[in-house]
Amino acid sequence: MSKKVTKAVFPVAGLGTRFLPATKSIPKEIMTLVDRPLIQYAIDEARAAGIKEFIFVTSRGKGALEDYFDHAPHIEQELKKKGKDDLLEILKGTNMESGAIAYVRQHKALGLGHAVWCASRLIGNEPFAVILPDDVIAAETPCLQQMVEAHAETGGNMVAAMEVPAEKASAYGLLDVSEDMGSMVRVKGMVEKPKPEDAPSNLAVIGRYILTPKVLRNLNKKQAGAGGEIQLTDAIAQEIAASNDVYGYRFRGQRFDCGSKAGFLQATVAFGLAREELHDEFSQYLQEMAAIQKAAQ
Ligand code: G1P
């Protein structure tokens with residue numbers, strides 16, 4: 001049995017230029033899906049998977065994230081006075097136990113691999129999870145929890161995986177599969193954003209990882225890969241030759257690419273419809289919109 005995974009890294013240093021001008025003054029991870037910031041979905045998923053320590057890799061201008069996870073006594077007092085217990089309950093999910101959350105800065109934008117490497121000292125010598133908050137996954141059993149359960153059997157390194165349309169595959173890390181066991185695949189190669197003619201498959205890496213500390217040692221070499229950046233994919237791929245223990249896990253759930261505007265809007269619709277208190281009104285509005293669109297065609 002492999003050691004329990006209790007630490008997770010959240011790389012949140014990116015500038016979020018695709019969402020300018022909004023991201024001029026707010027971190028993109030604070031942008032809201034319905035009424036919760038993206039980062040809250042990531043934290044909730046991590047908690048469901050048994051994560052106890054949360055490591056944020058940040059950069060300049062991300063202070064709003066630190067405030068978000070702090071207690072807000074003035075709001076809490078006001079809500080208590082007004083007897084708004086339901087809202088107090090919602091706020092509880094944003095509070096972190098003292099010492100459970102740590103922030104480390106990535107001083108230069110050298111890539112995802114470098115961002116994760118920045119957390120090395122806080123991770124130490126144990127397996128850890130990485131969650132990319134841009135990838136929001138709606139699932140009955142949260143994605144990382146599914147992976148933690150699968151990882152208890154395999155150990156080693158595991159990445160979330162999903163088939164993507166061939167024409168979009170070059171935007172992802174892609175897996176070269178040696179053994180397909182259904183929800184789990186054993187990987188014999190991994191390549192970050194290859195040219196279409198070099199794509200080993202259309203099975204893409206999605207932003208959930210469970211990794212061994214050896215990956216951090218590989219990142220220590222600071223080798224630049226695709227796009228001139230230090231890639232997490234390359235550091236994981238090195239473990240294939242070293243220990244043949246890299247797995248892809250086809251999770252059950254729907255993934256939204258909230259790093260893109262279209263993906264963010266799709267997630268807003270899906271999460272809005274999933275809310276009991278919004279469902280009827282919102283669904284009626286969408287049907288009206290669809291009818292208007294159809295009539296206009
Ligand atoms: C990152 C990873 C890539 C992965 C993707 C999933 O890329 O480097 O391997 O497929 O996340 O969202 P990014 O989208 O940050 O360029």
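Counting starts at 1 for both ligands and their atoms, following the listed order.
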Query raised in the report: Under 4.0 Å between a Lys/Arg side-chain N and an Asp/Glu carboxylate O for Lys188 and Glu179?
Result: no
For residues 134-146, which side-chain N or O atoms pair as donor and acceptor with protein atoms under 3.5 Å away, sequence neighbours left out?
from   : atom 1 : to     : atom 2 : distance (Å)
Asp134 : OD1    : Lys28  : NZ     : 3.4
Asp134 : OD2    : Lys28  : NZ     : 3.0
Asp135 : OD1    : Arg255 : NE     : 2.9
Asp135 : OD1    : Arg255 : NH2    : 2.7
Asp135 : OD2    : Gly207 : N      : 2.7
Gln145 : NE2    : Glu149 : OE2    : 3.4
Gln146 : OE1    : Arg252 : N      : 2.8
Gln146 : NE2    : Thr141 : O      : 2.7
Gln146 : NE2    : Arg252 : O      : 2.8

Query raised in the report: Can you list the atoms of ligand 1 that are under 4.0 Å from a heavy atom of Asp135?
Result: 6 (C), 12 (O)
**Report entry** Separation between CD1 of Ile101 and CG of Leu65, rounded to the nearest 0.5 Å
**Finding:** 8.5 Å
Query raised in the report: Can a protein heavy atom be found under 4.0 Å away from atom 13 (P) of ligand 1?
Result: yes
Report task. Applying salt bridge (charged side-chain N to carboxylate O under 4.0 Å, His left out), run through Lys62 and Glu29 and close with a yes or a no. Result -> CA-CA 9 Å; Lys62 298 279 179 168; Glu29 298 78 16; 2.9 Å; yes
Requested in this report: Give yes if a backbone or side-chain nitrogen or oxygen of Tyr209 is under 3.5 Å from a nitrogen or oxygen of ligand 1, and no if not.
Outcome: no
Query - Min N/O separation Tyr172 to ligand 1 under 3.5 Å - result: no
Report summary line: Per-atom filter on ligand 1: closer than 4.0 angstrom to a heavy atom of Thr233 are 9 (O)
Query raised in the report: Below 4.0 angstrom, N of the basic side chain to O of the carboxylate: do Arg36 and Asp44 qualify?
Result: yes
Report task. Among all protein heavy atoms, pick the one closest to atom 9 (O) of ligand 1 and tell me residue, atom and distance. Result -> Glu192 OE1, 2.6 Å
Query raised in the report: With atoms numbered from 1 as shown, which atoms in ligand 1 lie under 4.0 angstrom from a non-hydrogen atom of Leu112?
Result: 2 (C), 8 (O)
Query raised in the report: Looking only at heavy atoms, is any part of Leu132 under 4.0 Å from ligand 1, and if so is it the side chain, the backbone, or both, or is it neither?
Result: side chain
Requested in this report: Would you mind checking if Asp35 and Arg275 are paired as a salt bridge, meaning a charged N to carboxylate O distance below 4.0 Å?
Outcome: yes
Query - Sub-4.0 Å atoms of ligand 1 with respect to non-hydrogen atoms of Arg255 - result: 12 (O)
Requested in this report: Tell me which protein heavy atom sits closest to atom 16 (O) of ligand 1, plus the residue, atom name and distance to 0.1 Å.
Outcome: Lys193 NZ, 2.7 Å
Query - Results of side chain to side chain contact (heavy atoms under 4.5 Å, CB included) for Ile26 - residues two or more places apart only - result: Met31
Query raised in the report: Below 4.0 angstrom, N of the basic side chain to O of the carboxylate: do Arg208 and Glu45 qualify?
Result: yes
Report task. Around atom 5 (C) of ligand 1, find the nearest protein heavy atom and jot down its residue, atom name and distance. Result -> Val205 O, 4.0 Å
